[in-house]
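Take a look at the structure below.
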Amino acid sequence: MSKRSNENATETESKSKHAKHWSLGLLESMKDPKSIVKQTKNVVVIRDKYPKAKVHYLMIPTDSINSIYKLNSEHVSLLEEFNELFEEIKSEHSNINLIAGFHAVPSMQRMHMHVISNDMISPCLKTKVHWNSFTTKFFIPYKDILSELKESGSVKKISPELHKSLMATPLQCNQCSFKPKNMPQLKEHLLTH
DNA sequence: GTTCTAGAAC
DNA sequence: GTTCTAGAAC
């Protein structure tokens, strides 16, 4: 079958004017019982649709907060609830190293905190951008966001130049000094940890 | 965010 | 010739 006819076959759902933009996907997942891991009045925890490690959850506020850059001092208590849920999740995964943080430049709408294991073993981890999103300063630890919010009442954006340079960071294992030549070599190496 | 694929890198 | 990466997607 040609590529063109493939596109036509799914045109109704993928190309119509009413199709939802991909960046709104988290709002759909938040409502999907199959994605939900746990839920409180203020927060929903879902499984990442394309996990980049053995454990990869997203913690999302029920309130319509578009990103960390919309946070103000009144959201400190929300972030403190995030930490309580993070501690709860850690206690449910006793032998796994979990880290919590935010992407400096998120692609998906609705503020979301990544809770991810440091093994980084997953078929969905494919590109240098994936890797650098979790292993460079592009990944802002939860505690950094909380203290910046407490100290200045908001979270400052990074410059496009810094964004570009972080994404271009040479590959470096997150658990040792190994510097892989390419992604396949990195993925092979991760299996040895 | 993912998919696809041209052309760079090997 | 095959593997791998990076940029377009209307």
Side-chain angles (χ1 to χ4, degrees), chain A residues 1-32 34-37 43-62 64-70 82 99-117 120-140 142 145 155 157-174 178-192:
Chain A
M1 185 187 278
S2 78
K3 186 142 188 316
R4 171 59 55 195
S5 53
N6 247 336
E7 283 175 9
N8 287 340
T10 56
E11 182 164 10
T12 306
E13 57 178 358
S14 66
K15 294 282 176 64
S16 91
K17 291 176 193 172
H18 304 294
K20 283 156 190 157
H21 192 260
W22 56 261
S23 72
L24 299 170
L26 295 185
L27 280 66
E28 295 303 304
S29 297
M30 283 174 76
K31 294 184 292 190
D32 179 2
K34 294 191 297 295
S35 299
I36 298 174
V37 172
V43 183
V44 181
V45 180
I46 62 171
R47 267 180 286 278
D48 193 291
K49 191 173 179 183
Y50 298 93
K52 304 303 187 296
K54 287 179 178 175
V55 176
H56 188 182
Y57 300 138
L58 300 178
M59 201 176 286
I60 311 173
T62 311
S64 157
I65 302 167
N66 199 54
S67 77
I68 50 172
Y69 302 108
K70 300 290 186 185
F82 269 40
I99 53 177
F102 301 84
H103 284 160
V105 183
S107 297
M108 307 291 282
Q109 297 190 53
R110 184 63 63 91
M111 171 194 160
H112 55 282
M113 183 172 82
H114 293 270
V115 173
I116 186 167
S117 55
M120 303 302 282
I121 295 172
S122 166
C124 298
L125 179 75
K126 295 175 178 176
T127 70
K128 184 174 184 172
V129 165
H130 289 155
W131 182 256
N132 284 337
S133 295
F134 289 97
T135 60
T136 69
K137 286 179 175 173
F138 188 86
F139 188 84
I140 310 175
Y142 163 81
I145 293 293
V155 178
K157 291 192 182 189
I158 67 168
S159 70
E161 291 72 27
L162 178 57
H163 180 193
K164 194 177 168 187
S165 74
L166 289 173
M167 292 298 94
T169 305
L171 296 177
Q172 162 74 64
C173 178
N174 63 328
F178 182 61
K179 292 174 170 53
K181 285 193 163 49
N182 53 38
M183 285 303 295
Q185 193 175 107
L186 171 57
K187 289 175 68 68
E188 187 64 30
H189 169 79
L190 289 169
L191 299 174
T192 69

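Numbered from 1 within each chain, the chains take letters A, B, ... in sequence-line order.
In this structure, Lys181(A) atom NZ and dC10(B) atom C1' are separated by 12 Å, rounded to whole Å. Summarising the geometry, the separation between CG on Asp48(A) and C1' on dG1(B) is reported as 9 Å, rounded to the nearest angstrom. Separating the CG atom of Asn132(A) from the C1' atom of dA6(C) is a distance of 14 Å, rounded to the nearest angstrom. Gln109(A) places its CD atom 13 Å from the P atom of dG1(B), with the value rounded to the nearest Å. In this structure, the CE atom of Met167(A) is 15 Å from the C1' atom of dT5(C), given to the nearest Å. Rounded to whole Å, the distance from CE on Met183(A) to P on dC10(B) is 16 Å. Regarding Lys128(A), its NZ atom lies at a distance of 15 Å from the P atom of dC4(C), rounded to whole Å. Atom NE2 of His130(A) is separated from atom C1' of dG7(C) by 14 Å (rounded to the nearest Å).
Considering all non-hydrogen atoms of both residues, Met108(A) and His112(A) come closest at O-CE1, 3.4 Å. Pairing each heavy atom of Met167(A) with each of Val129(A), the nearest pair is SD-CG1, 3.8 Å.
Pairing partner, dC10(C): none, since no Watson-Crick or wobble contact has both distances short of 3.5 Å. A 3.5 Å limit on both hydrogen-bonding distances identifies no Watson-Crick or G-U partner for dG1(B).
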**Study point:** Working for side chain to side chain contact (heavy atoms under 4.5 Å, CB included), residues His189(A) and Cys173(A)
**Key:** CA-CA 8 Å; His189(A) 169 79; Cys173(A) 178; 3.3 Å; yes
Review point. Under the side chain to side chain contact (heavy atoms under 4.5 Å, CB included) criterion, do Met30(A) and Arg110(A) qualify, and how do the steps go?
Key: CA-CA 10 Å; Met30(A) 283 174 76; Arg110(A) 184 63 63 91; 3.7 Å; yes
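No more than 12 heavy atoms of other residues, nucleotides or ligands sit less than 6.0 Å from atom NZ of Lys49(A).
The side chain of Met108(A) approaches dG1(B) more closely than any other nucleotide in the set dA6(C), dG1(B), dT5(C). When distances run from any side-chain atom of Trp22(A) to the nucleotides dT5(C), dG1(B), dA6(C), the shortest one goes to dG1(B). Between dA6(C), dC4(C), dG1(B), one nucleotide has an atom nearer to the side chain of Pro184(A) than all others, and that is dC4(C). When distances run from any side-chain atom of Lys126(A) to the nucleotides dT5(C), dG1(B), dT3(B), the shortest one goes to dT3(B).
Not one side-chain nitrogen or oxygen of His21(A) sits closer than 4.0 Å to the OP1 or OP2 atom of dG1(B). His103(A) has a side-chain polar atom (N or O) that falls below the 4.0 Å cut-off from OP1 or OP2 of dG1(B).
Taking the six-membered ring for Trp and thresholds of 30 and 60 degrees, Phe139(A) and His103(A) have ring planes more than 60 degrees apart, a perpendicular arrangement. Ring geometry, Phe134(A) versus His56(A): the interplanar angle exceeds 60°, so the pair is classed perpendicular (tilted spans 30 to 60°).
Taken residue by residue, residues 51-59 of chain A places heavy atoms nearer than 4.0 Å to DNA chain B at Lys52(A).
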